[in-house]
> 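Take this structure first; my questions come after.
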Amino acid sequence: MSYIPSEHRYEKGMQYSYCGKSGLLLPRISLGLWHNFGDVDDFETATNIIRCAFDHGITHFDLANNYGPSPGSAECNFGKIIKKSFSGYRDEMIISSKAGHLMWPGPYGDGSSRKYLMASIDQSLKRTGLEYFDIFYSHRFDPNTPVEETMQALIDIVKQGKALYVGISKYPAKETLQAYKILKGQGVPCLIHQDKYNLLTRDVEKEILPIIEKEKVGFISFSPLAQGLLTNKYLHDIPKNSRAAKEHGYLQRSEITPELVKKLNLLNEIAKERGQTLAEMSLAWVLKDERVTSVIVGASSTAQLKDNLHTLRNCTFSEEELTKIDDILN
């Protein structure tokens, strides 16, 4: 059965924010394809999740060259889904990809060199079947490659028409400022900065978010639910099909300690008082910061995705609630 997007997709409650000082609007909730879209996953389920996202106003889909497993398979599957379901809707979508982590054997398949980035974006475009990416990131700071070299590659990628905008991900504060300066100096300003930010991981509050605010760059959080920890999945035990139970996942069983479970249950009580699930409250907590343009959520089902979208009904917190949350986590 052919797919026809909902004609009411922009009327279902999705909110959009301008990314930094650009004219580009991003949905407050974006869909990440880090997990559940590789060749080890069910293709029909992946297709339904992406269709559901688009039907509910999610226009931003976030990839990377190494997403899978196997590496590259998320881009391949996404390309197939785009071709089958979204061929007439490309201009309504923001599609991002990245390069920076290990992708192929040998000295040129990892890092942030010009050689690697240029080869990577060509491979990613081929896998997805796209003519360009809306956003292309340097996926990580590489201490073995000069920032100037990496940024020049991003600049040239835009000038060659392979991406409309560029961003950086997981860069330390010093190199962030350096990157911003180089990009701005050549007329290709950094659109967006991607980093991990959630209730359990708040390092970016010290230096990165203040820099973001000063430089007027967009910010997008990955792992806003801490790989699923900030959901109701781990309040009692480890479910069989959860990320912590999978051998190929990044979340390890050892991370789910009794102390953490206690904190999660206390946070869940606050969420209940707010009329939200723990996941909804956790996403709302990240989005409450005006410097945050969007959060990237993963999903293993359409039901899970729809639950996350309920977050947007309430993203405000009282001072009392914020104090209680800090007391639990400190």
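FYI, the numbering just counts along the sequence from 1.
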> What I want to find out is whether Asp55 reaches Lys306 closely enough, with some N-O distance under 4.0 Å, to be called a salt bridge.
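A salt bridge is absent here (no side-chain N lies under 4.0 Å from a carboxylate O).
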> Kindly write out the residues that satisfy salt bridge (charged side-chain N to carboxylate O under 4.0 Å, His left out) with Glu75, not counting sequence neighbours, or none if the list is empty.
Arg127
> Taking side-chain hydrogen bond (donor to acceptor under 3.5 Å, both in side chains) as the definition, give me every residue that meets it alongside Arg90, ordered by chain and number, with sequence neighbours left out.
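Per chain and number, Arg90 pairs via side-chain hydrogen bond (donor to acceptor under 3.5 Å, both in side chains) with Asp134.
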> Quick one: do Glu259 and Lys262 make a salt bridge, cutoff under 4.0 Å?
no
> Please name all residues satisfying salt bridge (charged side-chain N to carboxylate O under 4.0 Å, His left out) with Lys196, sequence neighbours left out, ordered by chain then number.
none
> I'd like to check the side chain to side chain contact (heavy atoms under 4.5 Å, CB included) partners of Ser87; sequence neighbours left out, ordered by chain and number.
none
> Which residues pass the side chain to side chain contact (heavy atoms under 4.5 Å, CB included) test with Glu148, not counting sequence neighbours?
Pro146, Gln178, Ile182
> Partners of Asn232 by side-chain hydrogen bond (donor to acceptor under 3.5 Å, both in side chains), sequence neighbours excluded?
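Here no residue qualifies.
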> Sequence neighbours excluded, which residues qualify as side chain to side chain contact (heavy atoms under 4.5 Å, CB included) partners of Leu322?
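Leu322: side chain to side chain contact (heavy atoms under 4.5 Å, CB included) contacts with Trp285, Lys288, Phe317, Glu319.
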> Return the set of residues passing salt bridge (charged side-chain N to carboxylate O under 4.0 Å, His left out) with Lys126 (not counting sequence neighbours), or none when no residue passes.
none
> I need the full list of side-chain hydrogen bond (donor to acceptor under 3.5 Å, both in side chains) pairs touching residues 14-30, with sequence neighbours left out, sorted by first then second residue.
Ser30-His60, Ser30-Ser294
> List in chain and number order the residues that pass salt bridge (charged side-chain N to carboxylate O under 4.0 Å, His left out) with Asp307, two or more places apart in sequence or in another chain; answer none if no residue qualifies.
none
> Suppose we screen for side-chain hydrogen bond (donor to acceptor under 3.5 Å, both in side chains). Which residues come up paired with Glu11, at least two apart in sequence or across chains?
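If we apply the side-chain hydrogen bond (donor to acceptor under 3.5 Å, both in side chains) test to Glu11, skipping adjacent residues, the hits are His8.
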> Can you list the residues that meet the side chain to side chain contact (heavy atoms under 4.5 Å, CB included) rule with Tyr165, with sequence neighbours excluded?
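Counting only residues at least two positions away or on another chain, Tyr165 forms a side chain to side chain contact (heavy atoms under 4.5 Å, CB included) with Leu24, Ile135, Leu191.
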